[in-house]
Q: 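Structure provided below as structure tokens; questions to follow.
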Amino acid sequence: MFCLRSSTTFSRLKFHYRLHLLSHFTSTPLSTTTPYLDDALSPFLHHSPANPFSTTSASDQPADFQPDSPELPGWHDNCASFYHESDDDFGIPQVSDWAARHQQQPQLCKTDGRFASEVVVQDADEVSEVLRFRYESPDDAAQAIYDKCGGISLSEELLSKLLSRFGNDYVRAFGVFKWAKMHPVYEISACLCNQMVDILGKCRLFDEMWELVDEMNQSGRGLVTLVTMTKVIRRLAKAGEFDEAIGAFMRIERFGVKRDIDAMNMLLDPLVRGASIETATSVFSKFENEMQPTLQTYNIFIHGWCKARKIDRAYEVLKKMEQSGISPDTTTYNSFVEYYCRGKDFQKVEDIINDMHQKGCPPSVTTYTIYVQALGKSKELTKALLVRERMNIEGCDPDAMFYSALISLLGRSGRLDDALALYREMMKQGIKPILMTCNSLITLYCLNSREGDAVKLLLEMKKNLVKPDVMTYEPLLKMCCKRKQMKVLAFLWDHMSKSDKWFCLDIHL
């Protein structure tokens, strides 16, 4: 099954399109109706059919990547183009740091002169080819890899890439992990174990997840750390198993992890996001006498009360925070800014920003990004542009997220030329685009019937080290379906199959 974050797009792909895909996916030029698209795509459609499992266009996430900032509760984790908005869950999309994590220079392989990264990609593709077939269990998958890939040397990079590649498929991912365990001379690292724990939790296979954690604990190598338990607790909380998440925290010392304020913060954050601020408050009250809250603790609670629309309780926490000798930071104030932006009380936002200046805690670019996004939702374009001018005066440099928010706002207002001018300014300043930037521009191009530019930008994402997601392809696929551009649709389908970080491998319409 083709696992997507948005089912609406593919409901438009009717059954007869599958037949067209099979008949039209050839190397012939796209010259029937869209010569502009032919120019954009022709260099890419004359290659031999690519391995649909390949990730040569981008590297995968490192094994121990944690998307949540330790000083920022998880309200910065929603990244999408302006094409998809929701007033119910207003928040700042997290800045795409995928590019920053993947700018490692490849090392030359001593054996044959090839780059080591190329060898890893080729080995990963060979394993993926074996896993093209569906296996009944992880053990069957592991045995198949062991039998057919005997010449592959295990490495941390290879295994991490494969686990990332099959992160949405428990059988294949666990099969890769078990295959590594079949090599007694290879010692699986804590990072790889943590990655597998996270995959099992994501697939809600909590019994298997706990078995792996117990195995890690019994290894005597100190594999279970706060990182491990953070993944366990976050996955339990995200699945709605809040009592289990709290129980994991209560048993954390059994695994050799200290139950301190850092561990408490790790529990409070997902509880606030998934359960309720009242639940998080109740849990913390049991340990309040033995744990001194930190700045992060107070920020989690302030954000929780603001999210629950109980602003008086948030101010109570702020007062208690200041009485304890901890000064609020920009993250603290940003929670209040976000609260008032939700209510479109922009005068109160201005008051908070002025208060930040007076207290020696000037607004950050994140503060102004929250503000601009809220103004955009209220169709206050003029005020949003004035915010940009204020930042120039204050010396607050915009980042990729701010530019993306303003580009989206200009696009929604029908000012495509101004949006593109802002994009060029962004690039001229040396600021690389992020996923939100590309998604917004691709949607803009499609809405303005500039499909050639949209496809070109999609292809440029590789150069800028930006990995596409479902929302990147959705407007392009809608455009192709509407115009019945089957060859372009086939190209996009192939391009999507290589983005295996985001999609499962069993594709059907």
Side-chain angles (χ1 to χ4, degrees), residues 1-58 81 83-84 125 128-129 132 416 420 433 435 438-464 466-509:
M1 183 176 182
F2 193 76
C3 295
L4 296 170
R5 294 182 181 177
S6 173
S7 59
T8 15
T9 301
F10 294 94
S11 64
R12 299 171 184 264
L13 301 177
K14 303 301 182 181
F15 174 77
H16 67 273
Y17 281 2
R18 176 163 42 174
L19 302 179
H20 283 296
L21 282 173
L22 294 175
S23 61
H24 284 284
F25 191 45
T26 65
S27 59
T28 55
L30 299 174
S31 57
T32 52
T33 57
T34 53
Y36 191 26
L37 279 174
D38 186 24
D39 293 339
L41 295 180
S42 58
F44 302 89
L45 292 181
H46 294 281
H47 297 168
S48 59
N51 185 343
F53 307 105
S54 173
T55 51
T56 56
S57 61
S81 72
Y83 198 83
H84 298 268
D125 288 344
S128 298
E129 188 66 27
R132 177 190 293 269
L416 175 61
L420 295 177
L435 182 60
C438 298
N439 286 358
S440 297
L441 285 173
I442 286 175
T443 304
L444 264 179
Y445 282 136
C446 291
L447 290 176
N448 287 271
S449 301
R450 293 176 59 170
E451 58 270 24
D453 288 323
V455 174
K456 283 183 177 180
L457 181 56
L458 173 66
L459 300 175
E460 288 174 2
M461 290 174 69
K462 175 183 177 181
K463 180 180 68 176
N464 293 320
V466 181
K467 191 161 190 175
D469 67 356
V470 173
M471 310 317 298
T472 310
Y473 295 101
E474 181 169 344
L476 287 163
L477 292 170
K478 285 183 177 180
M479 174 197 68
C480 291
C481 292
K482 183 178 180 180
R483 300 188 179 189
K484 299 182 179 180
Q485 297 170 334
M486 303 313 304
K487 293 179 182 179
V488 183
L489 182 63
F491 166 79
L492 293 172
W493 195 263
D494 180 62
H495 198 277
M496 289 170 64
S497 72
K498 299 173 185 176
S499 301
D500 46 38
K501 172 72 178 75
W502 299 95
F503 310 109
C504 291
L505 300 175
D506 297 312
I507 302 173
H508 72 270
L509 297 180

Q: Which atoms form the tightest heavy-atom contact between C480 and V488, and what is the distance?
A: SG-CG1, 3.6 Å
Q: Rounded to the nearest 0.5 Å, what's the gap from CG on L458 to CG on D453? Could you check?
A: 12.5 Å
Q: Are any of the side-chain heavy atoms of E474 and T443 separated by less than 4.5 Å?
A: no
Q: I'd like to check K462 versus K467 (side-chain heavy atoms, cut-off strictly below 4.5 Å). Are they in contact?
A: no
Q: Taking NZ, NE, NH1 and NH2 as the nitrogens, is one of them in K456 or E460 under 4.0 Å from a carboxylate oxygen of the other?
A: no
Q: Would you call R132 and E129 a salt bridge, taking side-chain N to carboxylate O under 4.0 Å as the test?
A: yes
Q: Supply the atom-to-atom distance C446 SG to E451 CD, rounded to the nearest 0.5 angstrom.
A: 7.5 Å
Q: Compare all side-chain heavy atoms of L420 with those of Y445 and state whether any distance is below 4.5 angstrom.
A: yes
Q: Once rounded to the nearest 0.5 Å, what's the spacing between atom CG of N448 and atom CG of L416?
A: 4.5 Å
Q: Can you tell me if D469 and T472 form a side-chain donor-acceptor pair at under 3.5 Å?
A: yes
Q: What is the distance from atom CE of M479 to atom CG of L492, rounded to the nearest 0.5 Å?
A: 7.0 Å
Q: Rounded to the nearest 0.5 Å, what separation is found between the CZ atom of F491 and the CG atom of L459?
A: 4.5 Å
Q: At their closest point, which heavy atom of L435 faces which heavy atom of P468, and how far apart are they?
A: CD1-CA, 4.0 Å
Q: Distance check, rounded to the nearest 0.5 Å: R450 atom CZ versus L441 atom CG?
A: 10.0 Å
Q: Side-chain contact test, heavy atoms from C-beta onward, threshold under 4.5 Å: evaluate it for I442 versus M461 and give yes or no.
A: yes
